[in-house]
Amino acid sequence: MSSDDPSPRYIFITGGVISSVGKGITTASLGRLLQSRGLSVTVQKLDPYLNVDPGTMSPYQHGEVYVTDDGAETDLDLGHYERFLDQNLTAASSVTMGQISAAVIERERRGDYLGGTIQTVPHVTDLVKERVRGLARASGVDVLIVEVGGTVGDIEGQAFLEAIRQMRYEEPRNGTLAIHVTPLFHLKATNELKTKPTQHSVRTLRSMGIQPDVIISRTDIPADESITDKLALFCDVPAEAVMTLETARSIYQVPSILEQAGLTDLTLERLGLAPGPCVPGRSIRDWTDWTDRLDRTERVCRVAIVGKYVELRDAYLSVKEALIHAAAQRRASVDITWIQSDDLDEADEPQIAAALADVDGVIVPGGFGERGIEGEVGVARFALEQRIPYLGLCRGMQNMVIAFARERLDLPDANTTEADEQTGAPVIALLDEQREVSDKGGTMRLGMYTCQLHPETRARELYESELAHERHRHRWEFNPAYRDRFERAGLVASGTSRDGALVEIAEVHDHPFMMGSQFHPELKSRPERGHPLFLGFIDSVLAESETALRHPAGATNLKSPLPEGEG
Ligand code: GLN
């Protein structure tokens, strides 16, 4: 601990007016900045919805479901926290009102509150405080940063805010810090920035008993001092604690911007914390050395992501970030073409050729349900035959296996039983192992499993290790009944469970790069440490872009209309 007082400090981050103003990135960035001053930090997200976790929500509702080592299905902000802090989080970092409500009801049924009327205050708020303090205690950190999902004023979030109000009252004066993140509105007609929405939001927060200590205002255009002065006056926050955060080129620039704005110094001062010796590699200088790489790239990797949820880029957030990390390690940037797999016809090779005309590699990411599978299998088949670098992530691995079976094993109706229960060649199926998981109350293989990498395979070479520890989120598996046939034809299981029963990585020999993992490697990629499988993929994409001029000219491009950039 870096101050005389060893009790953990709490930073509460709330959002105002609208969502998607960068609250999660601000939270992750502040965590990284505190680490740079030698403090130990962890992060927790409080999500106000009544689902127990986002596992059952559609990606269109919620974006990517981020899975932790211990198998919690969580909000995608946990991915930002893990990437910025280079820290593996656990289920304790993801609290939803659904979990809190379920726990209160469970206690009530057990008779814990016998005779009492169960109320939001104190029963719900007590449990929230227990979860927050419990994590601070268990992790032993100097600082716990708690981000509240949604925006101030949401009905669902009120109990969280009330718990925070109580904690601010109960903890020592320098024990907590409240940061409010809001947008400044730019009026084009008069070219003015408007502070009123922020003023209203702060008023709402104050009506809940929380006076913010710091206001961070996101803006698309530079804001001058008159704006910060106005916010300071109307919101009762000292001018030096009102910071504007201009929309950055990349999310990875945000820590440096906030450092320059003085957020780290102010936080240490308000919490009465003295900086300590910084862990090697964690200084702000290390971070900017890495982000500078993003601006000094020499090559471009043109990659297609072919999936069923491409309309919402957040659905594949970690995949996109993992590509950025691996490419940066090779001094390259990434140009992603988003392709809706549903629009593709498995049998229409010219259509698929046209869709992939402008890329040098393909990623087929995760997904659930039948929709889009055939288009993805078509893409995998095309990549197989045309020797285009291919990386399959979970469902993308399954579709690669199906494509290979149809093309090379003479099994034209090969399929996953997820799409066709009656298929004569269930190369992807529900296995007994999976049924055991279901019997234990789960419906999926979730979280970290150890993978044994087999000699003389590309995967083994890339990992430079005999074992890998990777995160899963799926029900279906490679059907071992077909394994020998696959291996004889050149698709080998380069990674398996330690007992050899489950295929974790499959790769095609005699192909520049065609690999699929049953797990989600993108969840373990870190900015300064690209994931081995992504590095292998990027290397072959770069090699491809230097040699190939394979595609027919003038082909129509099925590029999705979504703009590419940092989200
Ligand atoms: N739907 C497939 C399964 O459940 C793949 C899941 C995924 O891609 N995460 O096995």
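Positions are given from 1 along the sequence. These figures come from a predicted structure and were not determined experimentally. Note that ligands are numbered from 1 as they come in the structure, with each ligand's atoms numbered from 1 the same way.
Counted within 6.0 Å of CZ on R498, heavy atoms from surrounding residues, nucleotides or ligands total 12 or fewer; the atom is thus considered open.
Separation of the F478 and F486 ring centroids falls under the 6.0 Å cut-off. The ring of Y390 has its center no closer than 6.0 angstrom to the ring center of F513. Checked against a 6.0 Å centroid threshold, the rings of H531 and Y463 count as neighbours.
Annotation: the span from R485 atom CZ to L411 atom CG amounts to 4.5 Å, rounded to 0.5 Å.
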Between F537 and V303, does the side chain to side chain contact (heavy atoms under 4.5 Å, CB included) criterion hold? Intermediate values first, please. CA-CA 10 Å; F537 172 70; V303 174; 4.0 Å; yes
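Protein residues having a heavy atom under 4.0 Å from any atom of ligand 1 are G366, G367, F368, C394, R395, Q398, E418, R473, H474, R475, W476, H520, listed by chain and number.
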